[in-house]
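Take a look at the structure set out below.
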Amino acid sequence: MQDHEIAYWIEKETWRQQNHLELIASENFVSLDVLSAQGSVLTNKYAEGYPGRRYYGGCFAVDEIEKLAIQRACSLFRCRFANVQPHSGSQANQAVFLSVLSPGDCILSLDLRAGGHLSHGAPVNISGKWFRVVSYGVDPVTHRIDEAVVRELAFQHRPKLLIAGASAYPRFINFAFFRALADEIGAIFMADIAHIAGLVVSNQHPSPFPHAHVVTTTTHKTLRGPRGGLILCNEPDLAKRIDSAIFPGLQGGPLMHVIAAKAVCFKEAMGAEFQNYGHRIVKNAKALAHALMAQGIELIAKGTDTHLLLVDLRMHALSGRQAEALLEEVHITCNKNGIPQDPRSAVHTSGLRLGTPAITTRGLEEHHMEIIATCITQRLHDPENSSLTQSIRDQVLALCKAHPLPYN
Ligand SMILES: *Cc1c(COP(=O)(O)O)cnc(C)c1O
């Protein structure tokens with residue numbers, strides 16, 4: 001690369017990825033095929049519109065790529081229609097809002113502080129500014145979605161759109177319940193499976209289909225594809241409205257290089273290896289949860305059904321922010337996170353979100369989770385001990401070296 005400044009920092013980031021344990025629940029490591037599709041000449045092509053209906057010439061090759069991406073998405077998720085153009089998960093959600101809501105309409109969704117996502121109606125997000133948002137939380141003791149409360153709110157506020165889906169919720173979501181409720185109140189039910197898409201296609205989490213009217217997701221979390229979004233549904237009329245909402249409603253030209261990488265990811269996710277990968281993600285998450293709890297660490301919802309866990313630091317002297325920084329020093333990367341009824345502010349937080357998708361891609365197994373749990377608890381219990389700090393960092397580095405990423 002001629003640009004030495006950028007080349008230098010890409011090299012630094014490659015080093016960081018190689019030499020840190022990535023426990024951020026929303027991150028992953030893509031295959032070299034996904035990486036090369038995304039780094040291809042397809043980035044040069046303008047293709048506003050859809051296959052066979054473009055506003056630019058020269059689209060014969062990218063048309064075939066987008067058609068393959070759509071076909072593969074539909075067969076992977078077992079549905080009739082897919083829009084593979086959303087630039088991100090947030091834009092996929094905005095497109096659903098644009099296609100089924102008018103400004104001022106009511107949305108019922110999971111509270112951000114209970115594990116929901118910004119794009120589901122947080123006051124700082126466009127969704128919270130343009131729609132009337134009512135949110136449900138989780139039970140203060142079990143930390144599970146309280147279906148009786150959701151029902152009560154639904155009948156009280158009569159939302160036009162009911163949303164299920166989360167960024168920091170470690171238990172299964174009951175999509176059948178949400179659909180039955182949506183039918184009772186005449187609402188549209190959207191399932192946002194951004195975090196769990198890879199678990200859904202590997203049969204580790206119940207599928208949102210046939211329950212959801214519309215499903216949105218990212219492609220870069222457990223699904224292990226390029227950074228991007230995806231919208232799925234079964235109704236032709238809804239599919240048409242969603243296509244118009246993405247283009248020309250919200251976006252201009254699609255990122256054809258990213259769409260090609262999505263197609264590669266969908267094919268990878270159809271294979272037997274990916275079924276096994278999803279299974280290993282969950283096994284590792286449960287092993288990490290058990291090991292942490294055995295060492296005296298409290299978890300929200302007392303464990304996990306999925307790829308993620310939320311450490312509960314309410315009784316701990318350290319905030320989420322401090323814990324995140326201490327772990328970073330020993331090459332363990334994770335993020336602070338608010339928890340239900342968090343006594344600390346959104347800047348400090350009382351939670352730490354951990355996930356196993358990325359380390360599972362690296363090949364780490366259940367017996368490594370005990371080592372990682374010990375590293376985490378020792379670091380948080382004795383942060384001033386510098387020889388311990390060094391020995392933890394050495395153990396983490398040894399795990400990284402033994403399980404290298406295929407990048408250079
Ligand atoms: C990550 C996430 C998104 C948004 O994805 P971006 O690509 O970052 O915009 C949307 N919904 C949920 C539930 C998520 O976890």
Side-chain angles (χ1 to χ4, degrees), residues 22-28 30 34 38 73 77 83-98 107-122 124-128 131 133 135-138 145 161-175 178 189-200 205 207-208 212 214-232 242 245-246 250-251 254-255 258-259 261-262 265 281 285 304-310 334-338 351 353-358:
E22 187 55 74
L23 295 183
I24 292 178
S26 49
E27 293 191 13
N28 216 325
V30 299
V34 167
Q38 202 171 355
F77 288 94
N83 186 307
V84 297
Q85 292 192 2
H87 299 332
S88 69
S90 296
Q91 284 197 300
N93 289 342
Q94 285 166 15
V96 173
F97 302 160
L98 184 60
I107 297 176
L108 179 58
S109 60
L110 180 63
D111 194 330
L112 182 63
R113 288 160 298 188
H117 191 261
L118 273 170
S119 63
H120 296 178
V124 293
N125 188 265
I126 186 170
S127 55
F131 304 107
V133 180
S135 44
Y136 53 90
V138 293
I145 293 169
L161 184 69
L162 190 53
I163 306 179
S167 302
Y169 184 74
R171 295 298 183 180
F172 283 161
I173 292 176
N174 182 353
F175 296 122
F178 281 95
F189 169 40
M190 171 179 122
D192 177 348
I193 60 166
H195 259 263
I196 56 171
L199 303 182
V200 167
H205 190 294
S207 174
V214 56
V215 173
T216 58
T217 183
T218 60
T219 48
H220 51 275
K221 297 180 183 175
T222 50
L223 198 55
R224 208 163 65 182
R227 191 160 291 282
L230 173 67
I231 308 173
L232 306 161
I242 287 165
I246 284 289
L250 284 172
Q251 297 186 171
L255 310 176
V258 177
I259 289 171
K262 286 173 183 170
C265 143
I281 292 177
T304 184
D305 297 327
T306 65
H307 63 298
L308 74 82
L309 19 146
L310 264 184
C334 61
N335 64 282
K336 67 176 183 188
N337 211 103
R353 191 182 65 161
L354 308 176
T356 53

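Indexing begins at 1, ligand by ligand and atom by atom, following the structure's order.
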If we number the atoms of ligand 1 from 1 as shown, the ones under 4.0 Å from a heavy atom of Asp192 are 10 (C), 11 (N), 12 (C), 13 (C)

The protein heavy atom nearest to atom 3 (C) of ligand 1 is His117 NE2, 3.2 Å

In terms of its nearest heavy atom to atom 2 (C) of ligand 1, the top option of Lys221, His195, His220, His87 is Lys221

shortest atom 5 (O) of ligand 1-to-protein heavy-atom contact is with Thr218 CG2, 3.3 Å

Worksheet item: So, His120 and Asp192: side-chain donor and acceptor under 3.5 Å apart, yes or no?
Response: yes

Discussion item. Any nitrogen or oxygen of Gly89 lying under 3.5 Å from a nitrogen or oxygen in ligand 1? Just yes or no.
Written reply: yes

Measuring only between side-chain heavy atoms, which start at C-beta, is Val258 closer than 4.5 Å to Gln38? yes

Judged by modelled atom types alone, do Arg353 and Ser26 share a side-chain donor-acceptor pair under 3.5 Å? yes

I'd like to check whether Ser167 has a polar contact with ligand 1, where a contact means an N/O of the residue lying under 3.5 Å from an N/O of the ligand. yes

Hey, does Leu230 have a side-chain heavy atom less than 4.5 Å from the side chain of Lys262? no

Checklist entry - Applying a strict 4.0 Å limit to heavy atoms, is Ala166 in contact with ligand 1? => result yes

Counting heavy atoms under 4.0 Å, the part of Ser90 that contacts ligand 1 is both

Taking the side chain as every heavy atom from C-beta outward, state whether Ile231 and Pro86 have any atom pair closer than 4.5 Å.
-> yes

- Item | Any Phe97 side-chain heavy atom under 4.5 Å of Ile163 side chain | yes

